[in-house]
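Below you'll find the structure, written out as C-alpha coordinates, and then a few comments.
All values reported here derive from a predicted model rather than from experimental measurement. Remember, it's 1-based here, ligands and their atoms both numbered in the order they're listed.
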Amino acid sequence: MTIHATECVLRMLHEEEHDLESYQGSIPRWCNGCGDNAVLASLQRLCRDEKLRPEKTVFVSGIGCASRLPHYMKTYGFHGIHGRALPIAEGIKLMRPDLHVFVATGDGDCCSIGAAHWIHAIRYNMNMTLVLHDNHIYGLTKMQASPTTPKGLKSKTTPRGAYLEALNPLTVTLGVQNVSFVAQAVDWIPEAMYKIFSAAFHHRGFSFVRVIQRCPEFMPGNLDPWVRDPQRNLVLTHENGIELSSGLAKTYKNQVVHDPSDLERARAVASSEDPIPVGILYRNPDVPRYEETRQPSVLRTAVGVREAIETEFDKFTVWPQDERSETGRPAH
Ligand SMILES: Cc1ncc(C[n+]2csc(CCOP(=O)(O)OP(=O)(O)O)c2C)c(N)n1
Ligand code: SF4
Ligand SMILES: [Mg+2]
(Lines give C-alpha, C1' and ligand atoms only; values in the text may rest on other atoms or scores of the structure.)
(Ligands and ions follow the chains in the order given, each with its own letter.)
Protein backbone atom coordinates (compact mmCIF):
# COMPACT_ATOMS: atom_id res chain seq x y z
CA MET A 1 0.00 0.00 0.00
CA THR A 2 1.36 3.42 -0.94
CA ILE A 3 0.85 6.26 1.50
CA HIS A 4 1.05 9.70 -0.08
CA ALA A 5 2.89 12.51 1.68
CA THR A 6 -0.26 14.56 2.43
CA GLU A 7 -2.03 11.53 3.84
CA CYS A 8 1.01 10.85 5.98
CA VAL A 9 0.99 14.41 7.40
CA LEU A 10 -2.76 14.18 8.08
CA ARG A 11 -2.28 10.88 9.88
CA MET A 12 0.52 12.39 11.97
CA LEU A 13 -1.70 15.33 12.97
CA HIS A 14 -4.49 12.97 13.89
CA GLU A 15 -2.35 10.66 15.89
CA GLU A 16 -0.41 13.44 17.62
CA GLU A 17 -0.33 12.76 21.35
CA HIS A 18 -1.16 15.60 23.69
CA ASP A 19 -0.39 15.59 27.39
CA LEU A 20 -1.61 18.09 29.97
CA GLU A 21 1.30 20.38 29.22
CA SER A 22 0.10 20.68 25.63
CA TYR A 23 -2.87 22.67 26.93
CA GLN A 24 -1.12 24.74 29.59
CA GLY A 25 -0.70 28.35 28.51
CA SER A 26 0.83 31.08 30.64
CA ILE A 27 1.06 30.72 34.43
CA PRO A 28 -2.26 31.63 36.08
CA ARG A 29 -2.27 34.91 38.00
CA TRP A 30 -5.35 34.14 40.07
CA CYS A 31 -5.13 34.40 43.89
CA ASN A 32 -4.16 31.35 45.92
CA GLY A 33 -7.25 29.28 46.68
CA CYS A 34 -9.28 30.88 43.90
CA GLY A 35 -11.81 28.41 42.49
CA ASP A 36 -10.89 29.48 38.96
CA ASN A 37 -7.78 27.29 39.30
CA ALA A 38 -9.91 24.16 39.74
CA VAL A 39 -12.00 25.03 36.67
CA LEU A 40 -8.85 25.51 34.59
CA ALA A 41 -7.36 22.19 35.74
CA SER A 42 -10.57 20.35 34.87
CA LEU A 43 -10.80 21.92 31.41
CA GLN A 44 -7.17 21.12 30.62
CA ARG A 45 -7.77 17.53 31.66
CA LEU A 46 -10.89 17.37 29.49
CA CYS A 47 -8.95 18.62 26.44
CA ARG A 48 -6.26 16.03 27.02
CA ASP A 49 -8.67 13.14 27.59
CA GLU A 50 -10.79 14.07 24.57
CA LYS A 51 -7.59 14.46 22.54
CA LEU A 52 -8.76 17.86 21.32
CA ARG A 53 -6.39 19.32 18.79
CA PRO A 54 -5.25 22.70 20.17
CA GLU A 55 -5.57 24.28 16.73
CA LYS A 56 -9.19 23.09 16.58
CA THR A 57 -10.15 24.40 20.01
CA VAL A 58 -10.99 27.93 21.10
CA PHE A 59 -11.73 29.45 24.49
CA VAL A 60 -13.63 32.74 24.42
CA SER A 61 -14.19 35.05 27.38
CA GLY A 62 -15.42 38.49 28.37
CA ILE A 63 -13.74 40.55 31.11
CA GLY A 64 -13.18 39.64 34.76
CA CYS A 65 -10.89 37.36 36.76
CA ALA A 66 -12.60 34.29 35.25
CA SER A 67 -12.25 35.74 31.78
CA ARG A 68 -8.47 35.47 31.97
CA LEU A 69 -8.88 31.74 31.38
CA PRO A 70 -8.09 31.73 27.62
CA HIS A 71 -4.58 33.07 28.44
CA TYR A 72 -3.92 29.95 30.48
CA MET A 73 -4.93 27.51 27.73
CA LYS A 74 -2.51 26.66 24.96
CA THR A 75 -5.30 26.61 22.36
CA TYR A 76 -6.81 29.43 20.33
CA GLY A 77 -8.35 32.05 22.58
CA PHE A 78 -10.23 35.32 22.44
CA HIS A 79 -10.22 37.55 25.54
CA GLY A 80 -13.15 39.70 24.51
CA ILE A 81 -14.93 42.67 26.04
CA HIS A 82 -17.11 42.79 29.12
CA GLY A 83 -20.35 40.86 28.62
CA ARG A 84 -19.69 40.06 24.97
CA ALA A 85 -18.08 36.63 25.08
CA LEU A 86 -21.17 34.94 23.66
CA PRO A 87 -21.62 36.99 20.46
CA ILE A 88 -17.92 36.45 19.73
CA ALA A 89 -18.25 32.71 20.34
CA GLU A 90 -21.40 32.54 18.20
CA GLY A 91 -19.62 34.28 15.32
CA ILE A 92 -16.75 31.81 15.58
CA LYS A 93 -19.11 28.84 15.66
CA LEU A 94 -21.14 30.07 12.71
CA MET A 95 -18.12 30.51 10.49
CA ARG A 96 -16.08 27.61 11.86
CA PRO A 97 -18.50 24.88 12.97
CA ASP A 98 -15.55 22.47 12.98
CA LEU A 99 -14.00 24.17 16.05
CA HIS A 100 -14.64 23.12 19.66
CA VAL A 101 -15.89 26.32 21.27
CA PHE A 102 -15.81 26.99 25.03
CA VAL A 103 -16.88 30.17 26.80
CA ALA A 104 -15.51 31.26 30.20
CA THR A 105 -17.53 33.99 31.87
CA GLY A 106 -18.16 35.45 35.33
CA ASP A 107 -21.43 36.16 37.13
CA GLY A 108 -21.08 39.86 36.31
CA ASP A 109 -19.94 39.21 32.77
CA CYS A 110 -22.77 36.76 31.99
CA CYS A 111 -25.68 37.68 34.26
CA SER A 112 -25.28 41.47 34.45
CA ILE A 113 -23.80 43.31 31.44
CA GLY A 114 -24.03 40.22 29.22
CA ALA A 115 -27.50 39.09 30.29
CA ALA A 116 -29.17 39.75 26.93
CA HIS A 117 -26.59 37.64 25.11
CA TRP A 118 -26.94 34.89 27.69
CA ILE A 119 -30.72 34.60 27.21
CA HIS A 120 -30.49 34.53 23.43
CA ALA A 121 -27.59 32.08 23.42
CA ILE A 122 -29.79 29.60 25.28
CA ARG A 123 -32.50 30.05 22.65
CA TYR A 124 -30.05 29.78 19.72
CA ASN A 125 -28.74 26.50 21.13
CA MET A 126 -25.45 26.57 19.22
CA ASN A 127 -23.03 23.74 19.84
CA MET A 128 -20.67 25.12 22.51
CA THR A 129 -20.00 24.86 26.24
CA LEU A 130 -20.36 27.85 28.57
CA VAL A 131 -18.75 27.75 32.01
CA LEU A 132 -20.18 30.36 34.38
CA HIS A 133 -17.61 31.00 37.12
CA ASP A 134 -20.01 32.20 39.82
CA ASN A 135 -18.16 33.70 42.78
CA HIS A 136 -21.17 35.92 43.60
CA ILE A 137 -19.16 39.13 43.24
CA TYR A 138 -17.25 41.31 40.81
CA GLY A 139 -13.74 40.08 41.61
CA LEU A 140 -11.51 41.87 39.11
CA THR A 141 -12.86 45.31 39.98
CA LYS A 142 -12.50 44.54 43.71
CA MET A 143 -15.88 43.71 45.18
CA GLN A 144 -18.97 45.26 43.71
CA ALA A 145 -22.31 43.44 44.00
CA SER A 146 -23.27 41.22 41.06
CA PRO A 147 -26.73 39.81 40.27
CA THR A 148 -25.85 36.63 42.19
CA THR A 149 -24.58 38.43 45.31
CA PRO A 150 -26.48 37.18 48.37
CA LYS A 151 -29.02 39.62 49.82
CA GLY A 152 -27.51 41.61 52.66
CA LEU A 153 -23.87 41.25 51.59
CA LYS A 154 -21.90 44.46 52.09
CA SER A 155 -19.89 45.42 49.03
CA LYS A 156 -18.36 48.55 47.51
CA THR A 157 -21.65 49.29 45.71
CA THR A 158 -23.92 48.13 48.54
CA PRO A 159 -22.27 49.43 51.74
CA ARG A 160 -25.47 48.80 53.71
CA GLY A 161 -25.91 45.33 52.24
CA ALA A 162 -27.24 44.10 48.88
CA TYR A 163 -30.93 45.05 48.67
CA LEU A 164 -32.24 42.43 46.26
CA GLU A 165 -32.72 38.67 46.29
CA ALA A 166 -29.92 37.01 44.34
CA LEU A 167 -30.69 35.91 40.80
CA ASN A 168 -30.54 32.14 40.28
CA PRO A 169 -28.74 31.49 36.94
CA LEU A 170 -29.99 27.90 36.82
CA THR A 171 -33.71 28.66 37.05
CA VAL A 172 -33.30 31.55 34.60
CA THR A 173 -31.58 29.28 32.07
CA LEU A 174 -34.15 26.53 32.59
CA GLY A 175 -36.92 29.02 31.85
CA VAL A 176 -35.75 29.94 28.34
CA GLN A 177 -37.16 28.30 25.19
CA ASN A 178 -34.83 25.77 23.54
CA VAL A 179 -32.80 25.18 26.70
CA SER A 180 -30.93 21.94 26.11
CA PHE A 181 -28.29 21.35 28.84
CA VAL A 182 -27.98 22.77 32.35
CA ALA A 183 -25.63 21.56 35.08
CA GLN A 184 -24.05 22.77 38.28
CA ALA A 185 -20.61 22.04 39.73
CA VAL A 186 -18.74 23.29 42.78
CA ASP A 187 -15.01 23.97 42.79
CA TRP A 188 -14.41 21.79 45.88
CA ILE A 189 -15.57 18.53 44.23
CA PRO A 190 -13.24 18.39 41.20
CA GLU A 191 -14.23 14.84 40.24
CA ALA A 192 -17.87 15.84 39.81
CA MET A 193 -16.84 19.02 37.97
CA TYR A 194 -14.77 17.01 35.50
CA LYS A 195 -17.61 14.55 34.83
CA ILE A 196 -20.03 17.43 34.32
CA PHE A 197 -17.65 19.19 31.89
CA SER A 198 -17.24 15.94 30.02
CA ALA A 199 -21.03 15.50 29.66
CA ALA A 200 -21.36 19.15 28.64
CA PHE A 201 -18.69 18.75 25.98
CA HIS A 202 -20.41 15.69 24.51
CA HIS A 203 -23.81 17.36 24.48
CA ARG A 204 -25.04 18.38 21.02
CA GLY A 205 -26.08 21.99 21.59
CA PHE A 206 -25.52 24.81 24.08
CA SER A 207 -24.34 23.39 27.39
CA PHE A 208 -24.60 25.74 30.35
CA VAL A 209 -22.50 24.82 33.40
CA ARG A 210 -22.58 27.01 36.48
CA VAL A 211 -19.60 26.47 38.76
CA ILE A 212 -20.01 27.80 42.28
CA GLN A 213 -16.58 29.20 42.92
CA ARG A 214 -14.67 30.43 45.93
CA CYS A 215 -13.16 33.92 45.88
CA PRO A 216 -11.01 33.99 49.04
CA GLU A 217 -9.97 37.56 48.30
CA PHE A 218 -13.38 39.23 48.38
CA MET A 219 -15.77 36.56 49.66
CA PRO A 220 -13.61 34.91 52.36
CA GLY A 221 -15.28 31.94 54.00
CA ASN A 222 -18.69 32.51 52.39
CA LEU A 223 -18.86 28.94 51.06
CA ASP A 224 -17.17 27.26 54.05
CA PRO A 225 -20.40 25.69 55.35
CA TRP A 226 -20.78 23.78 52.06
CA VAL A 227 -17.08 22.99 51.69
CA ARG A 228 -16.83 21.62 55.23
CA ASP A 229 -20.10 19.72 55.39
CA PRO A 230 -20.52 17.22 52.53
CA GLN A 231 -24.16 16.73 53.56
CA ARG A 232 -24.94 20.24 52.34
CA ASN A 233 -24.04 19.22 48.79
CA LEU A 234 -26.83 17.30 47.04
CA VAL A 235 -25.32 15.07 44.36
CA LEU A 236 -27.69 14.36 41.46
CA THR A 237 -27.05 10.89 40.11
CA HIS A 238 -28.56 9.09 37.12
CA GLU A 239 -27.49 6.76 34.34
CA ASN A 240 -27.92 9.74 31.97
CA GLY A 241 -26.27 12.07 34.45
CA ILE A 242 -23.15 11.55 36.52
CA GLU A 243 -22.12 8.91 39.04
CA LEU A 244 -19.48 9.52 41.69
CA SER A 245 -16.64 7.06 42.19
CA SER A 246 -17.21 4.72 45.12
CA GLY A 247 -14.56 6.53 47.20
CA LEU A 248 -16.17 9.94 46.76
CA ALA A 249 -19.68 8.56 47.18
CA LYS A 250 -18.70 7.52 50.73
CA THR A 251 -18.01 11.17 51.55
CA TYR A 252 -20.86 12.74 49.60
CA LYS A 253 -23.68 10.56 50.86
CA ASN A 254 -26.42 13.10 50.25
CA GLN A 255 -27.45 11.83 46.83
CA VAL A 256 -30.68 11.75 44.90
CA VAL A 257 -31.55 10.08 41.62
CA HIS A 258 -32.58 12.82 39.20
CA ASP A 259 -33.63 12.10 35.62
CA PRO A 260 -32.16 14.93 33.51
CA SER A 261 -34.95 14.62 30.91
CA ASP A 262 -37.48 15.95 33.44
CA LEU A 263 -37.61 19.73 32.96
CA GLU A 264 -40.20 20.43 35.65
CA ARG A 265 -38.23 18.48 38.24
CA ALA A 266 -35.01 20.18 37.07
CA ARG A 267 -36.57 23.58 37.79
CA ALA A 268 -37.58 22.46 41.27
CA VAL A 269 -34.13 21.04 42.05
CA ALA A 270 -32.42 24.16 40.66
CA SER A 271 -34.28 26.35 43.14
CA SER A 272 -32.47 24.79 46.09
CA GLU A 273 -29.59 26.84 47.43
CA ASP A 274 -29.06 24.74 50.53
CA PRO A 275 -28.18 21.97 49.96
CA ILE A 276 -26.38 22.98 46.75
CA PRO A 277 -27.38 20.64 43.89
CA VAL A 278 -24.37 19.21 42.04
CA GLY A 279 -24.81 17.35 38.75
CA ILE A 280 -26.77 17.46 35.53
CA LEU A 281 -30.14 19.10 35.97
CA TYR A 282 -31.42 18.98 32.41
CA ARG A 283 -30.37 17.44 29.13
CA ASN A 284 -32.29 17.30 25.85
CA PRO A 285 -30.17 16.41 22.81
CA ASP A 286 -33.12 16.81 20.40
CA VAL A 287 -33.45 20.59 20.52
CA PRO A 288 -32.60 21.99 17.04
CA ARG A 289 -29.27 23.79 16.85
CA TYR A 290 -29.10 27.25 15.33
CA GLU A 291 -26.27 26.41 12.97
CA GLU A 292 -28.39 23.59 11.51
CA THR A 293 -31.46 25.74 10.98
CA ARG A 294 -29.44 28.22 8.89
CA GLN A 295 -28.33 27.70 5.27
CA PRO A 296 -24.59 27.94 5.84
CA SER A 297 -23.55 27.27 2.24
CA VAL A 298 -25.10 30.48 0.85
CA LEU A 299 -22.58 33.05 2.07
CA ARG A 300 -19.61 30.87 2.87
CA THR A 301 -17.23 31.44 -0.06
CA ALA A 302 -15.25 34.64 -0.46
CA VAL A 303 -16.85 35.19 -3.89
CA GLY A 304 -20.31 34.62 -2.42
CA VAL A 305 -19.67 37.11 0.38
CA ARG A 306 -18.35 39.75 -2.07
CA GLU A 307 -21.31 39.33 -4.43
CA ALA A 308 -23.79 39.54 -1.57
CA ILE A 309 -22.17 42.73 -0.24
CA GLU A 310 -22.12 44.30 -3.71
CA THR A 311 -25.80 43.46 -4.23
CA GLU A 312 -26.59 45.16 -0.92
CA PHE A 313 -24.51 48.26 -1.78
CA ASP A 314 -26.14 48.47 -5.22
CA LYS A 315 -29.48 49.02 -3.55
CA PHE A 316 -28.22 52.33 -2.21
CA THR A 317 -26.32 53.49 -5.31
CA VAL A 318 -27.73 56.57 -7.03
CA TRP A 319 -27.05 56.12 -10.78
CA PRO A 320 -27.29 59.09 -13.19
CA GLN A 321 -30.79 59.03 -14.80
CA ASP A 322 -29.61 58.59 -18.41
CA GLU A 323 -27.43 55.60 -17.54
CA ARG A 324 -30.17 53.79 -15.63
CA SER A 325 -31.79 50.72 -17.18
CA GLU A 326 -35.26 49.50 -16.35
CA THR A 327 -33.82 47.43 -13.54
CA GLY A 328 -32.34 50.51 -11.90
CA ARG A 329 -28.77 49.43 -12.73
CA PRO A 330 -26.65 51.15 -15.40
CA ALA A 331 -27.33 49.94 -18.93
CA HIS A 332 -23.99 48.74 -20.28
C1 LIG B 1 -18.06 47.93 29.49
C2 LIG B 1 -17.35 47.68 30.77
N3 LIG B 1 -17.95 47.98 31.93
C4 LIG B 1 -17.34 47.74 33.11
C5 LIG B 1 -16.09 47.19 33.11
C6 LIG B 1 -15.37 46.96 34.42
N7 LIG B 1 -15.40 45.58 34.81
C8 LIG B 1 -14.37 44.76 34.49
S9 LIG B 1 -14.57 43.21 35.09
C10 LIG B 1 -16.04 43.64 35.81
C11 LIG B 1 -16.84 42.66 36.61
C12 LIG B 1 -16.29 41.29 36.63
O13 LIG B 1 -17.06 40.46 37.45
P14 LIG B 1 -17.36 38.97 37.02
O15 LIG B 1 -17.87 38.91 35.65
O16 LIG B 1 -18.23 38.40 38.08
O17 LIG B 1 -15.92 38.29 36.99
P18 LIG B 1 -14.93 37.95 38.19
O19 LIG B 1 -13.92 39.04 38.18
O20 LIG B 1 -15.70 37.91 39.46
O21 LIG B 1 -14.37 36.62 37.81
C22 LIG B 1 -16.36 44.97 35.55
C23 LIG B 1 -17.59 45.65 36.05
C24 LIG B 1 -15.47 46.89 31.87
N25 LIG B 1 -14.26 46.33 31.80
N26 LIG B 1 -16.14 47.15 30.73
S1 SF4 C 1 -10.17 38.27 43.24
FE2 SF4 C 1 -11.36 36.43 43.69
S3 SF4 C 1 -12.01 35.67 41.68
FE4 SF4 C 1 -10.34 37.12 41.35
S5 SF4 C 1 -8.49 35.86 41.24
FE6 SF4 C 1 -8.70 36.57 43.36
S7 SF4 C 1 -9.83 34.95 44.40
FE8 SF4 C 1 -10.10 34.63 42.20
MG1 LIG D 1 -17.70 37.19 39.67
Side-chain angles (χ1 to χ4, degrees), residues 24-44 59-73 77-89 102-119 121-122 129-159 161-162 164-170 172-173 184-188 190 193 197 208-224 226-227 273 276:
Q24 288 166 353
S26 57
I27 294 168
R29 289 167 54 186
W30 291 312
C31 310
N32 284 341
C34 173
D36 287 336
N37 293 292
V39 176
L40 177 70
S42 239
L43 289 170
Q44 287 171 339
F59 281 79
V60 184
S61 67
I63 296 290
C65 296
S67 294
R68 293 196 54 77
L69 190 136
H71 294 273
Y72 308 143
M73 295 295 306
F78 198 125
H79 189 177
I81 46 176
H82 197 29
R84 312 294 175 226
L86 278 164
I88 296 164
F102 295 85
V103 175
T105 180
D107 42 309
D109 199 54
C110 178
C111 310
S112 189
I113 192 170
H117 302 302
W118 166 35
I119 302 299
I122 301 160
T129 296
L130 177 144
V131 180
L132 168 60
H133 302 230
D134 191 353
N135 56 4
H136 308 112
I137 200 77
Y138 290 1
L140 188 76
T141 44
K142 303 186 187 297
M143 207 186 180
Q144 295 81 21
S146 90
T148 63
T149 296
K151 190 176 178 187
L153 185 112
K154 290 187 175 154
S155 74
K156 302 262 171 65
T157 42
T158 54
L164 302 174
E165 286 297 333
L167 177 141
N168 181 331
L170 299 176
V172 172
T173 307
Q184 177 155 271
V186 289
D187 77 43
W188 53 94
M193 177 163 31
F197 284 167
F208 178 89
V209 183
R210 179 200 194 190
V211 178
I212 297 190
Q213 175 224 324
R214 282 170 290 181
C215 169
E217 186 67 19
F218 296 116
M219 301 288 278
N222 71 318
L223 292 167
D224 281 357
W226 291 273
V227 177
E273 272 151 30
I276 294 176

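- Shown in contact with P216 at under 4.0 Å from a heavy atom are these atoms of ligand 2, numbered in order with element: 7 (S).
- At least one side-chain heavy atom of I63 sits less than 4.5 Å from a side-chain heavy atom of H79.
- Closest to atom 15 (O) of ligand 1, if we only count protein heavy atoms, is D109 N, 2.7 Å.
- Within ligand 1, the atoms closer than 4.0 Å to a non-hydrogen atom of G139 are 18 (P), 19 (O), 20 (O), numbered from 1 in the order shown.
- Between the side chains of Y138 and S112, a donor-acceptor pair is found at a separation under 3.5 Å.
- At a heavy-atom cutoff of 4.0 Å, ligand 1 is contacted by the backbone of I137 but not by its side chain.
- Within 6.0 Å of the NZ atom in K156, the count of heavy atoms belonging to other residues, nucleotides or ligands exceeds 12.
- At a 3.5 angstrom cut-off on N or O pairs, D36 does not count as close to ligand 1.
- Per-residue contacts place G108 under 4.0 angstrom from the following atoms of ligand 1 (heavy atoms of the residue considered): 14 (P), 15 (O), 16 (O).
- Residue side and main chain included, C215 places an N/O/S atom under 2.8 Å of atom 2 (Fe) of ligand 2.
- Between Q213 and the choices D36, D107, N37, the side chain to side chain donor-acceptor pair (under 3.5 Å) rule is met once, by D36.
- The CG atom of N168 lies 9.5 Å from the OG1 atom of T148; values are rounded to the nearest 0.5 Å.
- Considering only non-hydrogen protein atoms, atom 5 (S) of ligand 2 sits nearest to C31 N, 3.5 Å.
- Nearest protein heavy-atom contact of atom 25 (N) of ligand 1 is I63 CG2, 3.8 Å.
- One of the N, O or S atoms belonging to C34 lies under 2.8 Å away from atom 8 (Fe) of ligand 2.
- The side-chain heavy atoms of V209 and Q184, taken from C-beta on, include no pair separated by under 4.5 Å.
- How far CG of L86 is from CD1 of I122: 9.0 Å, rounded to the nearest 0.5 Å.
- Taking distance alone, with nitrogen or oxygen atoms compared against 3.5 Å, C65 approaches ligand 1 more closely than that limit.
- Atom numbering of ligand 2 starts at 1 in the shown order; those under 4.0 Å from a heavy atom of W30 are 5 (S).
- When each atom of ligand 2 is checked for a heavy atom of C65 under 4.0 Å away, the hits are 1 (S), 3 (S), 4 (Fe), 5 (S).
- Atoms of ligand 1 lying under 4.0 Å from at least one heavy atom of L140, given by number and element, are 9 (S), 19 (O).
- At least one donor-acceptor pair under 3.5 Å links the side chain of S67 to the backbone N or O of G62.
- Ring geometry, W30 versus Y72: the interplanar angle exceeds 60°, so the pair is classed perpendicular (tilted spans 30 to 60°).
- Counting the atoms of ligand 2 from 1 in the order shown, those under 4.0 Å from a heavy atom of F218 are 1 (S).
- When only interatomic distances are considered, the shortest N/O to N/O separation between Y138 and ligand 1 does not fall below 3.5 Å.
- Proximity of N135 to ligand 2, defined as any heavy-atom pair under 4.0 Å, is confined to the side chain (atoms from C-beta onward).
- Proximity of T141 to ligand 1, defined as any heavy-atom pair under 4.0 Å, is confined to the side chain (atoms from C-beta onward).
- At distances below 3.5 Å, not a single donor-acceptor pair connects side-chain atoms of S146 with backbone N or O atoms of G108.
- Looking at S146, A66, G106, P147, it is A66 that brings a heavy atom closest to atom 21 (O) of ligand 1.
- Looking only at distances, no side-chain donor or acceptor of N135 sits under 3.5 Å from a matching main-chain atom of C215.
- Judged by the shortest distance from any of its heavy atoms, I113 lies inside the 4.0 Å radius around the atoms of ligand 1.
- Using cut-offs of 30° and 60° for the angle between ring planes, the F102 and F59 rings count as parallel.
- In D107, the parts holding a heavy atom less than 4.0 Å from any atom of ligand 1 are both the side chain and the backbone.
- In this structure, S61 and L69 have side chains that are not in contact, with every pair of non-hydrogen atoms separated by 4.5 Å or more.
- The residue among H82, R68, K142, E217 with a heavy atom at the shortest distance from atom 23 (C) of ligand 1 is H82.
- By the 4.5 Å heavy-atom criterion applied to side chains, L132 and R210 are counted as neighbours.
- Looking at G64 next to ligand 1, no N or O pair under 3.5 Å apart turns up.
- With a 4.0 Å heavy-atom cut-off, ligand 2 is reached by the side chain of Q213 but not by its N, CA, C or O.
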